[in-house]
Amino acid sequence: MSDLTRRRMLLSGAFAGAGGLVLAGCSAGEGRGGSASTSADLSPEEVLAHAPVGTETVPFHGRHQAGITTTPQAFASLIALDLNDDTGREEIRRLLRVLSDDAARLTQGRGALADTEPELASAPARLTVTLGFGPELVRRVAGAEAVPGWLRPLPAFDIDELREEWSGGDLLLQIAADDRVTVAHAARVLVKSSRTWTSVRWRQPGFRRARGSEAPGTTMRNLFGQVDGTVNLRPGDEDFDAQVWAADGWMAGGTSFVLRRIRMDLDEWDRVDRSARDSALGRRQSDGAPLTGEDEHDEPDFAALGPHGFPVIPEFSHIARARGEDPRPTMLRRAYNYEDEAAGEAGLLFIAFQADVDTGFVPVQRRLDELDILNQWTTPVGSAVFALPPGCEEGRFVGETLFV
Ligand code: HEM
């Protein structure tokens with residue numbers, strides 16, 4: 001490429017964003033002099049090197065699907081598809097093959113085979129595509145006996161006000177990346193590829209803070225302002241594998257996915273003062289520390305009593321109720337915030353992964369259903385359960401284990 005062409009490219013729209021980033025990121029004396037004209041001296045590769053968020057990739061192939069233990073990306077789009085009546089075993093095989101191929105390309109920054117906008121694939125931004133199966137898909141491929149016992153709608157809970165339009169589904173696409181355009185493009189490609197055999201049942205977009213807005217590793221905040229995700233399973237924990245990964249049959253190396261779309265009444269929450277908010281959770285909103293501790297990761301002391309003889313962390317608080325007899329977490333939580341202007345609501349897309357829904361998620365939800373003061377301001381309005389098969393090697397497709 002001639003210097004002139006390179007210069008034109010850099011000054012044209014194609015690299016304007018990245019060039020801006022270079023300048024914004026340079027303090028005086030850094031980079032190549034720190035003036036606007038110097039960004040034109042960088043090669044496209046160098047410019048991209050200054051756009052680490054866009055260029056980062058997460059491997060698609062492997063023992064487990066990506067998007068489960070991946071550090072949560074800033075944006076997610078959850079899409080549930082319903083199989084057409086005449087979509088049978090062979091059509092599902094073709095569908096999963098196409099989706100796996102699309103995902104393998106897109107996540108590595110390449111356009112999909114039938115991509116009409118491959119340019120949009122060029123910033124993968126840690127894109128992951130995670131596929132999940134509803135009971136009907138499993139049944140059509142491998143018969144009723146292949147459906148895990150926990151793969152069914154959750155038991156009804158008193159707190160639920162579930163809406164059909166946010167619940168259920170035959171095939172889940174969990175698409176997540178640190179760039180919103182990347183997510184939109186991947187979603188468009190994957191839904192287009194599925195169109196012959198499925199229809200869209202629901203779509204639920206979610207978000208966290210943009211990458212770079214705060215230090216890596218910072219626990220997310222939900223829209224109540226709370227630090228959310230402190231006590232969680234972490235890869236490397238002693239019992240992580242046993243709690244998260246299924247061990248048997250076609251699901252070995254896979255996991256289960258529970259989505260609870262939980263509306264949060266932000267207007268009512270506005271009326272609640274700081275100390276009542278902290279009591280409702282059992283932790284301080286300011287820093288996420290338990291009411292008996294100083295730092296976010298201090299172990300809460302549920303036995304500690306205040307001056308009037310009552311527990312410092314109220315027994316009705318969310319963290320007291322969420323924790324069972326055994327303090328070890330039983331699920332990997334990976335939530336996203338949501339706002340839905342059309343529905344006039346905002347809240348949390350509560351997402352949990354566990355080897356078995358009935359032992360990982362349900363007992364916790366039952367305790368919260370019986371009593372959790374936070375229920376005053378939160379209402380589950382959508383619910384879905386999917387089986388996430390293991391990952392696949394190159395040339396294979398996700399879900400292939402179901403066909404053997
Ligand atoms: C909108 C609804 C919800 C909000 C706003 C919320 C918020 C929070 C917050 C702020 C914490 C404390 C920080 C942390 O350890 O993560 C927490 C802890 C927790 N939540 Fe929730 N949560 C909600 C729903 C749920 C649901 C549906 C479940 C499962 C059924 C759940 C299970 C847990 C668990 C297991 C903990 C850790 C408790 C412990 O300390 O052992 N939460 N939640």
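What's counted below: heavy atoms across the whole structure, side chains too, no hydrogens, waters or symmetry copies. Atoms within a ligand are numbered from 1 in the order they appear, just like the ligands themselves.
Cation-pi geometry between R208 and Y336 is satisfied (NZ or CZ under 6.0 Å from the ring centre, within 45° of the ring normal).
The protein non-hydrogen atom at the shortest distance from atom 31 (C) of ligand 1 is F350 CE1, 3.5 Å. The closest protein non-hydrogen atom to atom 35 (C) of ligand 1 is A322 CB, 3.9 Å. Here the heavy atom of the protein found nearest to atom 7 (C) of ligand 1 is D228 OD2, 3.5 Å. In this structure, the protein non-hydrogen atom closest to atom 30 (C) of ligand 1 is F361 CE1, 3.4 Å. When hydrogens are left out, the protein atom nearest atom 9 (C) of ligand 1 is L281 CD1, 3.5 Å; that is the closest non-hydrogen contact. With respect to atom 13 (C) of ligand 1, the closest heavy atom belonging to the protein is V227 O, 3.4 Å. In terms of protein heavy-atom proximity, atom 37 (C) of ligand 1 is nearest to R333 NH2, 3.5 Å.
E90 has a carboxylate O that lies under 4.0 Å from a charged side-chain N of R93, or vice versa, which qualifies the two as a salt bridge.
Ligand 1 places these atoms under 4.0 Å from at least one heavy atom of I262: 1 (C), 2 (C), 27 (C). Close contacts between ligand 1 and V364 involve ligand atoms 29 (C), 30 (C) [criterion: under 4.0 Å to a heavy atom].
Under the 6.0 Å cut-off for aromatic ring centres, F133 and F386 do not qualify, their centroids lying 6.0 Å or more apart. In this structure, the ring of W269 has its center less than 6.0 angstrom from the ring center of W377.
Nearest to atom 12 (C) of ligand 1 by heavy-atom distance, out of R323, R283, Q226, is R283.
Contact annotation: P329 has no heavy atom less than 4.0 Å from any atom of ligand 1.
Residue contacts with ligand 1: I319 is placed with no nitrogen or oxygen under 3.5 Å of a nitrogen or oxygen of the ligand (distance criterion only).
Looking at H318, its N, O or S atom nearest to atom 21 (Fe) of ligand 1 turns out to be NE2.
Residue R163 places its CZ atom among 12 or fewer non-hydrogen atoms of other residues, nucleotides or ligands, all under 6.0 Å distant.
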